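Following: one structure in structure tokens, then a few remarks.
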Amino acid sequence: MKAFIFDLDGVIVFTDRYHYLAWKRMADRIGVYFDETINNRLRGVSRAKSLEIILERSEEKRFSDAQKQELMEEKNSYYKELLQSMTPKDVDQEVRETLEVLRRRGYKLAIGSSSKNAGFILERIGLTGVFDAVSDGNLITHSKPNPEVFLKAAELLEVSPVECCVVEDAFAGIDAAKAAGMLAIGIGDAAGYEAADIRIRSLAELKNRNFGGEKSG
Ligand code: B16
Ligand code: MG
């Protein structure tokens, strides 16, 4: 293995509460029922697909593309307002340490996230310089479980897909990693997903395993 590709939300940092609050504010404004159970279905899912899931509960069934675009922009502006409160303290020490150890061992590190706000979040939490590449929702046309976001990360890192380990919390992300021909490591929700090649409870476990390809000396 030569590289690790990390999903962002649910692996490096936890912004699902902010996604929930922002979608809830939008849904309340247009009078559509939305709760935390429905929110669980949005994990790792693109913004457009998330909106589709929320609008399943709407009495008004026909929304034009322009209206959907506006609703997504409304949610995103609430979400970005909430992201403003994030600081480097939102990253667990264990996460920082693990990234540092993997880097010292000679692995390349990338982000593979569906989010179009990945760059902004990395800036807020002070991790911008830690990754050799950021593949995110702005670079792709197909969301997870399509492998595009991870294949793009491998391309940016200039490594072959079979040399990459993906760390993911969403089932769709594990499916995407497998479809990319990469080693899929499940954490959080995905630690209970049998399609994952390896299941871990905390990122620190990565330090205790040998993935091959480590720098000697
Ligand atoms: P945005 P990940 C995903 O991030 C989130 O888990 C998912 O809830 C969100 O809808 C998606 O990003 C798109 O985010 O609206 O910021 O573009 O887990 O792939 O890092
Ligand atoms: Mg995720």
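Note that ligands are numbered from 1 as they come in the structure, with each ligand's atoms numbered from 1 the same way. These values consider heavy atoms only, across backbone and side chains, with no hydrogens, waters or symmetry-generated copies. Since this is a predicted model, take the numbers as computed values, not measurements.
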- Neighbouring protein N, O or S atoms of the Mg ion (ligand 2) [cut-off: under 2.8 Å, no waters]: Asp7 OD2, Asp9 O, Asp169 OD1
- Message: Salt bridge or not between Asp28 and Lys24? Use side-chain N to carboxylate O under 4.0 Å.
- Response: yes
- Cation-pi geometry met for Lys75 and Tyr79 (6.0 Å, 45°): yes
- Note on the structure: Those residues with a heavy-atom separation under 4.0 Å from ligand 1 are Asp7, Leu8, Asp9, His19, Leu42, Gly44, Val45, Ser46, Arg47, Ser50, Lys75, Tyr79, Ser113, Ser114, Ser115, Lys116, Asn117, Lys144
- Expected output: side-chain Thr15 to main-chain Tyr18 donor-acceptor under 3.5 Å: no
- Query: Distance only, no hydrogens: is a donor on one side chain within 3.5 Å (strictly under) of an acceptor on the other, for Asn76 and Asn117?
  - Reply: yes
- Between Glu168 and Lys144, is the closest basic N to carboxylate O distance under 4.0 Å? yes
- Query: In terms of side-chain geometry, is the basic nitrogen of Lys207 or Glu100 positioned less than 4.0 Å from the acidic oxygen of its partner?
  - Reply: no
- Among all residues two or more places apart in sequence or in another chain, which pass the salt bridge (charged side-chain N to carboxylate O under 4.0 Å, His left out) test with Glu94? none
- Less than 4.0 Å between a side-chain N and a carboxylate O, is that true for Asp132 and Arg103? yes
- Message: Under the rule for side chain to side chain donor-acceptor pair (under 3.5 Å), what residues qualify as partners of Tyr78, not counting sequence neighbours?
- Response: Glu74
